[in-house]
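One structure below.
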Amino acid sequence: MIFDENPENIFIYHYVEEMISSYTEYYKSNFNESELTLKEFSILLRIRFQSTATQHDLVDLFKVSGAYIAKLLRKFEDMNYVVRKEVPENRRKKLVKITDEGIKKTDELIEIIQNWENKVTANISGDELKTLKEILFKIIII
């Protein structure tokens, strides 16, 4: 089969799928997924860089069920990656904070991400990379 290599004729969706596939393969070959899955690490990484996040915020952000987030946060607590604290004004709300152990674990993931990004962007300039990130940001803010 012959593929059309003209970038104008290929959907953005295809590029996104290829990038996800490339990163997933790289992640699996460089990290033991028996501890945390790629999805779980994505959530832990987001918790690290959120100034404040509640369980409900994470449900909304990741479009998953409250039960899934509650179970995952329990797992993170058992691994000493996060702590949950009640919000004094509303005891039903739980504020989620990363621990020092969680920061160490996410540092490992950040190194993997940075190595993959360096590999896949090796042939583009710094200005092109900046433009790419700006465009992708515009795309996801729908």
Side-chain angles (χ1 to χ4, degrees), residues 1-87 90-142:
M1 176 182 262
I2 298 174
F3 292 100
D4 184 350
E5 294 298 325
N6 182 349
E8 294 176 12
N9 295 334
I10 299 174
F11 289 107
I12 293 170
Y13 147 84
H14 177 77
Y15 293 119
V16 171
E17 286 294 321
E18 289 293 320
M19 286 180 66
I20 291 169
S21 177
S22 169
Y23 176 72
T24 301
E25 185 178 312
Y26 187 83
Y27 172 82
K28 287 180 177 180
S29 68
N30 286 280
F31 203 82
N32 180 2
E33 201 174 269
S34 65
E35 184 179 352
L36 293 175
T37 67
L38 184 56
K39 177 74 170 181
E40 291 169 344
F41 249 131
S42 297
I43 294 171
L44 184 62
L45 197 59
R46 184 57 74 112
I47 291 168
R48 176 177 175 171
F49 293 108
Q50 290 286 115
S51 56
T52 59
T54 64
Q55 285 183 224
H56 184 74
D57 294 337
L58 297 171
V59 167
D60 289 345
L61 182 64
F62 287 97
K63 314 278 188 278
V64 295
S65 72
Y68 173 78
I69 287 294
K71 181 179 175 183
L72 182 57
L73 291 176
R74 169 61 54 202
K75 179 179 180 176
F76 288 167
E77 283 178 318
D78 291 346
M79 299 172 101
N80 195 30
Y81 294 158
V82 302
V83 292
R84 287 185 279 186
K85 296 184 179 180
E86 289 181 351
V87 175
N90 184 348
R91 294 179 48 207
R92 292 185 338 196
K93 282 189 174 185
K94 304 277 191 222
L95 196 58
V96 182
K97 294 277 188 185
I98 193 109
T99 64
D100 289 342
E101 192 65 30
I103 289 172
K104 279 195 254 179
K105 187 51 76 173
T106 54
D107 281 346
E108 293 175 28
L109 178 60
I110 290 167
E111 185 176 343
I112 291 170
I113 292 169
Q114 190 61 59
N115 289 338
W116 177 79
E117 281 194 15
N118 290 343
K119 180 180 172 185
V120 299
T121 61
N123 294 325
I124 64 175
S125 71
D127 287 341
E128 289 171 323
L129 181 58
K130 181 179 183 232
T131 300
L132 172 63
K133 288 181 177 186
E134 289 169 352
I135 292 169
L136 289 172
F137 183 76
K138 286 180 181 180
I139 288 172
I140 64 165
I141 304 299
I142 306 174

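Basis for what follows: all heavy atoms, side chains included, without hydrogens, waters or symmetry-related copies.
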Q: Evaluate the criterion side-chain contact (heavy atoms from CB on, under 4.5 Å) for residue pair Ser65 and Val59; output intermediate values, then yes/no.
A: CA-CA 6 Å; Ser65 72; Val59 167; over 6 Å; no
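- When side chains are defined from C-beta on, Tyr27 counts as touching Phe41, because their heavy atoms get closer than 4.5 Å.
- Atom CG of Asp107 has more than 12 heavy atoms from other residues, nucleotides or ligands within 6.0 Å.
- Atom NZ in Lys104 sits 9.0 Å away from atom CG in Asn80 (nearest 0.5 Å).
- At a threshold of 4.5 Å between non-hydrogen side-chain atoms, the residues Ile47 and Leu73 count as touching.
- Other residues, nucleotides and ligands contribute at most 12 non-hydrogen atoms within 6.0 Å of the CZ atom of Arg46.
- Using cut-offs of 30° and 60° for the angle between ring planes, the Phe76 and Tyr81 rings count as tilted.
- Between Ile69 and His56 the shortest side-chain heavy-atom distance does not fall below 4.5 Å.
- In terms of modelled atom types and a separation under 3.5 Å, the side chain of Ser42 and the main chain of Leu38 share a donor-acceptor contact.
- Between the Thr131 side chain and the Asp127 main chain, a donor and an acceptor come within less than 3.5 Å of each other.
- For the atom pair CH2 (Trp116) and CE (Met19), the distance works out to 4.0 Å, reported to the nearest 0.5 Å.
- Between Val64 and Leu58 the shortest side-chain heavy-atom distance does not fall below 4.5 Å.
- A donor-acceptor pair under 3.5 Å is formed between the side chain of Ser125 and the backbone N or O of Glu128.
- Within the 4.5 Å cutoff, the side chain of Ile113 has heavy atoms near those of the Leu109 side chain.
- Look at Lys130 and Glu134 and you find a salt bridge, because one of the NZ, NE, NH1 or NH2 atoms lies within 4.0 Å of a carboxylate O, short of that distance.
- Between Leu129 atom CG and Glu117 atom CD the span is 7.0 Å, to the nearest 0.5 Å.
- Between the CD1 atom of Ile110 and the NZ atom of Lys105 there is a distance of 12.5 Å, given to the nearest 0.5 Å.
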(Q) For a side-chain contact (heavy atoms from CB on, under 4.5 Å) check, start with the C-alpha distance between Asn115 and Tyr26, then their side-chain angles and the critical distance, and finish with the verdict. (A) CA-CA 9 Å; Asn115 289 338; Tyr26 187 83; 3.2 Å; yes
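- Crowding of Glu108 atom CD: a count of heavy atoms from other residues, nucleotides or ligands under 6.0 Å exceeding 12.
- Side chains of Val16 and Ile12 form a contact here, defined as non-hydrogen atoms less than 4.5 Å apart.
- The distance from atom CG of Asn30 to atom OH of Tyr23, rounded to the nearest 0.5 Å, is 9.0 Å.
- In this structure the side chain of Gln55 reaches within 4.5 angstrom of the side chain of Val96, judged on heavy atoms.
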(Q) Checking Thr37 against Glu40 for the side-chain contact (heavy atoms from CB on, under 4.5 Å) test, could you report, in this order, the C-alpha distance in whole Å, the side-chain angles of both residues, the deciding distance, and whether it holds? (A) CA-CA 5 Å; Thr37 67; Glu40 291 169 344; 3.2 Å; yes
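- To the nearest 0.5 angstrom, Leu36 atom CG is 7.0 Å from Leu44 atom CG.
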Q: Could you go through the side-chain contact (heavy atoms from CB on, under 4.5 Å) check for Lys97 and Val82 one step at a time?
A: CA-CA 5 Å; Lys97 294 277 188 185; Val82 302; over 6 Å; no
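- Judged by distance alone, the side chain of Thr54 and the main-chain N or O of Lys93 form no donor-acceptor pair under 3.5 Å.
- Remark: Glu86 engages Lys94 in a salt bridge, criterion side-chain N to carboxylate O under 4.0 Å.
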